[in-house]
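In what follows, a structure is listed as structure tokens, so that the remarks can point back to it.
A note on names: the letters A, B, ... follow the listed sequences, proteins ahead of strands, and every chain is numbered from 1. Values below: every heavy atom of this structure, side chains too, minus hydrogens, waters and symmetry copies. Not measured: the values here are computed from a predicted model.
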Number of protein chains: 2
Amino acid sequence: MSKQAALPVIDLNAGTPCCPPLAVSRIPAETASVLAPAFKALGDPVRLQLMSMIASAEGGEACVCDLTPAFELSGPTISHHLKTLREAGLIDGERRGTWVYYRARPGIMRQLAALLVFDEAPAVQAV
Amino acid sequence: MSKQAALPVIDLNAGTPCCPPLAVSRIPAETASVLAPAFKALGDPVRLQLMSMIASAEGGEACVCDLTPAFELSGPTISHHLKTLREAGLIDGERRGTWVYYRARPGIMRQLAALLVFDEAPAVQAV
DNA sequence: CATCTACTTCGAAGGACTTCGAGACAGCCT
DNA sequence: AGGCTGTCTCGAAGTCCTTCGAAGTAGATG
């Protein structure tokens, strides 16, 4: 399970946006299929909080042992959510001694944000 | 839960971000519960494409009659997805004569983007 | 080596989501 | 009015998701 099935045209690890914002041009089906899972992974309150805790942690990384007690959920459940975030390419995990540390991957976050954000001037359009 | 407000402390219609980026401070549970559904709504390839088509449409709005034939899905299914986007506060629908037109709501999009995007140097966000 | 702790994987139960066809409702056209 | 077209709601079938406890693996410690 080292790779997600068919790896896309789109590099989720890239630091730069892969495509113009949602509001500028229609995104193709393949792009949607690749990026939707990332939004989906953020579409759960627990995972959104986990993501936030990891991204805002000191040193940019958080230990599972700090994450788990912050929720009223079992260890396995938190582990499952972390796996979901990992498979969506949003975080990376690393074992160092006894503990496992997770760290956010800013590249894909920037891509998602770039897709969403757009200015007042909505693409040309003579009305 | 001492919070009494029926739902959000957060105004999804606001033009300005409701909270500091994910990576700057940990978001509270209530914020996560309010914003997660919006990400969830974008977490489906069909809805992501619908959102894109609506946001990038000429005049800022798109007719269901243009949206439906772009997918190999039944009318009711597209209608259901549009309803999901509507309930997530991402789009607004309006009937004008025979057709129903949908238009994106930029406020919440900006909020989601603001949550995601963060610079190397986390700072207080300018307005 | 035995054992303890930290975390993950496995298997299962219950609920939520996607999709469809059938039917209902709204507005146009003859 | 009557019929036609566009869109939404309803109910059902199949699939996926969330959550758990139990069991498995990795590393530290005695």
Side-chain angles (χ1 to χ4, degrees), chain A residues 1-6 29 32-51 53-54 57 61-103, chain B residues 29 32-51 53-54 57 61-103:
Chain A
M1 261 155 284
S2 43
K3 284 250 185 220
Q4 291 129 316
S33 300
V34 172
L35 292 182
F39 282 116
K40 189 181 203 171
L42 293 175
D44 179 286
V46 173
R47 288 195 292 267
L48 199 52
Q49 275 192 280
L50 281 171
M51 196 68 216
M53 291 175 72
I54 293 169
E61 62 184 13
C63 169
V64 178
C65 57
D66 290 331
L67 263 23
T68 304
F71 300 86
E72 305 210 339
L73 291 171
S74 70
T77 298
I78 297 299
S79 184
H80 160 77
H81 283 306
L82 288 170
K83 183 181 179 185
T84 302
L85 288 171
R86 214 185 322 136
E87 287 177 348
L90 291 165
I91 58 175
D92 252 339
E94 182 197 357
R95 169 162 229 139
R96 280 206 305 277
T98 304
W99 292 283
V100 175
Y101 294 88
Y102 280 98
R103 119 182 347 259
Chain B
S33 299
V34 171
L35 292 183
F39 282 116
K40 189 182 203 171
L42 293 175
D44 179 285
V46 174
R47 287 195 293 266
L48 199 52
Q49 275 192 279
L50 282 171
M51 196 67 216
M53 291 175 73
I54 294 169
E61 62 185 13
C63 169
V64 179
C65 57
D66 291 331
L67 263 21
T68 304
F71 301 86
E72 306 211 338
L73 291 170
S74 69
T77 298
I78 297 298
S79 183
H80 159 77
H81 283 306
L82 288 170
K83 183 181 180 187
T84 302
L85 288 171
R86 212 184 325 134
E87 288 177 347
L90 291 165
I91 58 175
D92 251 338
E94 181 197 358
R95 170 162 230 138
R96 279 206 304 278
T98 304
W99 292 283
V100 176
Y101 295 88
Y102 281 97
R103 111 180 0 255

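- Dashed line: the shortest gap from a side-chain N or O of B:His81 to OP1 or OP2 of C:dC17 is not under 4.0 Å.
- If you measure from atom NZ of B:Lys83 to atom C1' of D:dT7, you get 13 Å, rounded to the nearest angstrom.
- Of the candidate nucleotides D:dC8, C:dT19, D:dT7, D:dT7 has the atom nearest to the side chain of B:Cys65.
- Every side-chain hydrogen bond (donor to acceptor under 3.5 Å, both in side chains) that B:His81 has, sequence neighbours left out, goes to B:Arg47.
- Residues passing the side-chain hydrogen bond (donor to acceptor under 3.5 Å, both in side chains) test with A:Thr98: none are found, sequence neighbours excluded.
- A:Asp92 pairs by the salt bridge (Lys or Arg N to Asp or Glu O under 4.0 Å) definition with A:Arg105, not counting sequence neighbours.
- Going from atom CG of A:Leu82 over to atom P of D:dT18 covers 13 Å, rounded to whole Å.
- At the phosphate of D:dC17, neither OP1 nor OP2 sits under 4.0 Å from any side-chain N or O atom of B:Lys40.
- A:Lys83 is listed as a side-chain neighbour of A:Arg86, based on a closest heavy-atom distance under 4.5 Å.
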Problem - Paired and unpaired positions of DNA chain D as dot-bracket, Watson-Crick or G-U wobble under 3.5 Å, | denoting a partner strand - result: ||||||||||||||||||||||||||||||
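- Against DNA chain D, the stretch residues 41-50 of chain B makes no heavy-atom approach under 4.0 Å.
- Using a 4.0 Å cutoff on non-hydrogen atoms, the parts of residues 68-80 of chain B near DNA chain C are B:Leu73, B:Ser74, B:Pro76, B:Thr77, B:His80, ordered by number.
- Residues passing the side chain to side chain contact (heavy atoms under 4.5 Å, CB included) test with B:Pro76, sequence neighbours excluded: B:Ser74.
- Side chains of A:Thr84 and A:Asp44 form no contact here, defined as non-hydrogen atoms less than 4.5 Å apart.
- In this structure A:Thr68 satisfies the side chain to side chain contact (heavy atoms under 4.5 Å, CB included) test together with A:Val64, A:Ile78, sequence neighbours excluded.
- Here the closest non-hydrogen pair linking B:Pro45 and A:Ala36 is N-CB, 3.6 Å.
- The two residues A:Ala32 and B:Gln49 come nearest to each other via the heavy atoms CB-CG, 3.6 Å.
- Taking both residues in full, the closest heavy atoms of B:Met53 and B:Asp66 are given as CE-O, 4.3 Å, listed atom of the first, atom of the second, then distance.
- Computed from coordinates, the A:Trp99 CH2 to C:dT8 P distance equals 14 Å when rounded to whole Å.
- Applying the disulfide bond (SG atoms under 2.5 Å apart) test to every pair with at least one member in residues 65-103 of chain A, sequence neighbours left out, gives these pairs: A:Cys63-A:Cys65.
- Contacts of A:Arg95 classified as side-chain hydrogen bond (donor to acceptor under 3.5 Å, both in side chains), with partners at least two apart in sequence or in another chain: none.
- Taking the side-chain hydrogen bond (donor to acceptor under 3.5 Å, both in side chains) definition, one finds that B:Glu94 meets it with B:Arg96, sequence neighbours left out.
- Spacing between atom CG of A:Asp66 and atom P of C:dA6 amounts to 11 Å, rounded to whole angstrom units.
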Exercise for the section: Going 5' to 3' through nucleotides 24-30 of chain D, assign each nucleotide B (protein heavy atom under 4.0 Å from a base atom), S (under 4.0 Å only from sugar-phosphate atoms) or - (no protein heavy atom that close). Expected result: ---SS--
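- In terms of phosphate contacts, A:Tyr101 brings no side-chain nitrogen or oxygen within less than 4.0 Å of OP1 or OP2 of C:dA6.
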